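All figures in this text were calculated on a predicted structure; none of them were measured in a lab.
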Amino acid sequence: MPKMIVSIDGVVIKEVQLTKDRTTLGRRPYNDIVIDNLAVSGEHAVLQLTGNEVFLEDLNSTNGTYVNGKAVKKQQLQNNDTVEIGKYKIKFINEVPGATFEKTMIIKPGMVPPVPKPASAPAVTPVAAAPTQSAAQTAAQAAAAAVINKPFDPSSMNASIKVLSGAAAGREVPLVKVVTTIGKPGVAVAAITKRSNGFVVAHVEGSSKPLLNGAQIGGEPVVLKNGDMLELAGTQMQFVLAS
């Protein structure tokens, strides 16, 4: 299924699956993809889904819509195309599984089909019989191999943001999404991103930069540790990583 990955300064802030025939993009809150930034028009662009093809159309926006660095009015998007709106970059992902074709031999009338040549059996070298092991030992080895070879699942990490001050003091926000944005739009907004090896935080927008343990953070992602203190627009929060 095609999707759009929205990022700014290399930090992913949201992912949107394109499930509707018409997906709108703009600054106004009623859009399907909302980007709250003055560089983005209220109704900036629209994505039209036709079968497995996606067409991007600019809606006479003030600052224009760019695909791979070129201004466009209407264009079909290809896998890995990058849509640029102001400082925001939106990557288009539409991976279509390739079809597999089987080679077929055509037998004409009177033609004798070739007979496959049997493969010669490999020489067998006598080896000493390996010592047998109990069923319990076999099961234990299989279980150990399953644990070692099990791929890491980022969703198994549980973390949350606990609000310590302000009107929402005491509220705890679970970090269940790949990207969670916190703060006040236009004042200070930060994005917490879940990665395979933990969580990182970065400044997304706003004139007031967030503080991490009393130090300002910018657009470069910073690794979060259990108990870290965050402050955005005067609101204090704590990063809590479940054991």
Could you note down all residue pairs passing side-chain hydrogen bond (donor to acceptor under 3.5 Å, both in side chains) where residues 225-237 supplies at least one of them, sequence neighbours left out? N213-D228

May I have the list of side-chain donor-acceptor pairs in residues 84-91 shorter than 3.5 Å, sequence neighbours left out?
{"from": "E84", "atom 1": "OE2", "to": "G69", "atom 2": "N", "distance (Å)": "3.2"}
{"from": "Y88", "atom 1": "OH", "to": "E205", "atom 2": "OE1", "distance (Å)": "2.6"}

Take atom CD of E220 as the centre, draw a 6.0 Å sphere, and report whether it contains more than 12 heavy atoms from other residues, nucleotides or ligands. no

Main-chain N/O of F92 paired with D81 side-chain donor or acceptor, under 3.5 Å: no

Verdict with supporting geometry, L18 and V54, side-chain contact (heavy atoms from CB on, under 4.5 Å): CA-CA 9 Å; L18 300 181; V54 177; 4.0 Å; yes

OG1/T82 to OH/Y66 distance, rounded to the nearest 0.5 angstrom? 15.0 Å

Between CG of N68 and CG of N80, what distance do you get to the nearest 0.5 Å? 9.5 Å

Report the hydrophobic cluster partners of L59, with the cluster defined as I, L, V, M, F, W, Y residues connected by side-chain heavy atoms closer than 4.5 angstrom, directly or transitively. V46

For D32, which residues count as a salt bridge (Lys or Arg N to Asp or Glu O under 4.0 Å) partner, sequence neighbours excluded? K20

Smallest heavy-atom separation, V204 atom then A190 atom, equals CG2-C, 4.0 Å

Partner set under salt bridge (Lys or Arg N to Asp or Glu O under 4.0 Å) for E15, not counting sequence neighbours: K3

What are the two closest non-hydrogen atoms of N94 and N52, and how far apart are they? ND2-O, 3.0 Å

Cluster question for you: counting only ILVMFWY and a side-chain heavy-atom cut-off of under 4.5 Å, with indirect links fine, are L232 and L175 together? yes

Qualifying salt bridge (Lys or Arg N to Asp or Glu O under 4.0 Å) pairs with a residue from residues 35-63, counting only residues at least two apart or across chains: none

Answer yes if V34 and I13 sit in the same cluster of Ile, Leu, Val, Met, Phe, Trp and Tyr residues linked by side chain heavy atoms under 4.5 Å apart, and no otherwise. no

With the 4.5 Å side-chain cut-off for hydrophobic clustering, are L211 and I161 part of the same group? no

Mind checking salt bridge (Lys or Arg N to Asp or Glu O under 4.0 Å) for K74 and listing every partner two or more places apart, or none if nothing turns up? none

Counting distance only, does the side-chain N/O of N63 pair as donor-acceptor with the main-chain N or O of V40 below 3.5 Å? no

Tell me which pairs pass side-chain hydrogen bond (donor to acceptor under 3.5 Å, both in side chains) where either residue lies in residues 165-176, with sequence neighbours left out. S160-E172

Co-members of L164 in a cluster of I, L, V, M, F, W and Y side chains, linked at under 4.5 Å: M229

Mind checking who shares a hydrophobic cluster with V176, ILVMFWY linked at side-chain heavy-atom distances under 4.5 Å? none

In chain order, what residues pass the salt bridge (Lys or Arg N to Asp or Glu O under 4.0 Å) check against K162, with sequence neighbours excluded? none

Running the 4.5 Å side-chain criterion over Ile, Leu, Val, Met, Phe, Trp and Tyr, what cluster does V240 land in, apart from itself? none

